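Data block below; observations after.
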Amino acid sequence: MALPLLSYTPKSQNVRVAGYVVPGDEEPYVFDTENLPTGSDIDEFIWAAYRQIYSEHQILKSNRQTFLESQLKDERITMRQFIRGLLLSDPFRRRNFETNSNYRFAELCVQRVLGRDVYSEREKIAWSIVIANKGVEGFVDELLNSDEYLENFGDTIVPFQRRRNLPQRAMGETPFNLKTPRYGAYHRNQLGFPQIVWQNAVRRFRPQEKQPTEGNPERFLGMARAVSSGQPSTPRPSVQNLNYMAAVPRR
């Protein structure tokens, strides 16, 4: 029996209003393949897609999808289809889906694909129900076919974080692609970390060539410290055993 889908709304009506942003150095650069002048510049667009979807922590040579890159360079697939291939790739599934709960996976996919943070916990629950009903592939298709994605990125634009700079805050928001994608709070509690490792005794490493050899008195230092000094202690007599009459001289 399929789970019923939930509806969610933004926490504030302000997110529905188009923001007035003054262009500056911190404004994200839009990588649009429709305005691509030469074929050699496509490598920069591919790098931007990896940085957005895989995040800075997972840009590894072993995670590259060379087949998808060749298809994009030959214009056999669009940028939206290239993003879909990255989301359904084996490295992305192993490093993001299998190491997180459905709620955490839905949250990071909304951040990287739609370019915004989730509205509320209800939205995470709604997308997790889509994952449970349609699987990862159906969930990715729902994101890429949504009106929000098509209106902001379409088939040619690499997704990017929208409204990253918030003037009403004292400090700027950390970009989504710089946040670690693995091990959300749920899995951290299951694994039992972070843990504070404390050792009562400090152990020092000693190289093999500096270890004491046979006949070295240092090998018997511990045994000598364990043995008592051997000096007999003078017993203290009890007050009840003292003979006061014998100590008085006779006259």
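Every value quoted in this text rests on a predicted model; they were computed, and no experiment measured them.
Leu150 pairs by the side-chain contact (heavy atoms from CB on, under 4.5 Å) definition with Arg80, not counting sequence neighbours. Annotation: side-chain hydrogen bond (donor to acceptor under 3.5 Å, both in side chains) contacts of Thr156 (sequence neighbours excluded): Asp32. In this structure Glu151 satisfies the side-chain contact (heavy atoms from CB on, under 4.5 Å) test together with Asp147, sequence neighbours excluded. Checked against ring pair (Phe, Tyr, Trp, His ring centres under 6.0 Å), Phe160 has the following partners two or more places apart in sequence or in another chain: Phe153. Partners of Glu121 according to the side-chain contact (heavy atoms from CB on, under 4.5 Å) rule, which considers only residues two or more places apart in sequence or in another chain, are Lys124. Every residue meeting the side-chain contact (heavy atoms from CB on, under 4.5 Å) condition with Asn63, not counting sequence neighbours, appears here in chain and number order: Tyr54, Gln58, Leu60, Pro91, Arg95.
Nearest heavy-atom pair across Ser128 and Ala106 is N-CB, 4.3 Å. Here the closest heavy-atom approach between residue Ser146 and residue Leu114 is recorded as OG-CD2, 3.9 Å. Looking at every heavy atom in both residues, Cys109 comes nearest to Leu143 through CB-CD1, 3.9 Å.
Here the straight-line distance linking atom CZ of Phe92 with atom CG of Leu108 works out to 5.5 Å at 0.5 Å rounding. Remark: Glu137 CD to Arg93 CZ distance equals 8.0 Å, nearest 0.5 Å. Interatomic distance, CZ of Arg116 versus CD of Gln111, reported as 10.0 Å (0.5 Å rounding). The line from CG of Asn102 to CZ of Phe139 is 9.0 Å long, rounded to the nearest 0.5 Å. For the atom pair CD1 of Ile83 and OH of Tyr149, the computed distance is 5.5 Å after rounding to the nearest 0.5 Å. Summarising the geometry, atom CD belonging to Glu69 is positioned 10.0 Å from atom CD1 belonging to Ile42; distances are rounded to the nearest 0.5 Å.
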query: Going through the checks in order, is the side-chain contact (heavy atoms from CB on, under 4.5 Å) test met by Tyr103 and Glu107?
result: CA-CA 6 Å; Tyr103 306 108; Glu107 180 183 11; over 6 Å; no
- prompt: side-chain contact (heavy atoms from CB on, under 4.5 Å) between Leu72 and Phe45: does it pass, once the steps are laid out?
  reply: CA-CA 10 Å; Leu72 182 63; Phe45 287 69; 5.8 Å; no
message: Using side-chain contact (heavy atoms from CB on, under 4.5 Å), reason through Asp141 and Arg84 one step at a time and then give a plain yes or no.
response: CA-CA 8 Å; Asp141 290 338; Arg84 181 181 185 274; 2.7 Å; yes
- request: Evaluate side-chain contact (heavy atoms from CB on, under 4.5 Å) for Lys73 paired with Ile46, printing each intermediate quantity in order.
  value: CA-CA 9 Å; Lys73 291 180 179 179; Ile46 293 175; 3.8 Å; yes
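Within the 3.5 Å criterion, the main-chain N or O of Ile53 finds a donor-acceptor partner in the side chain of Arg112. The backbone N or O of Thr78 lies less than 3.5 Å from a partner atom in the side chain of Gln81, making a donor-acceptor pair.
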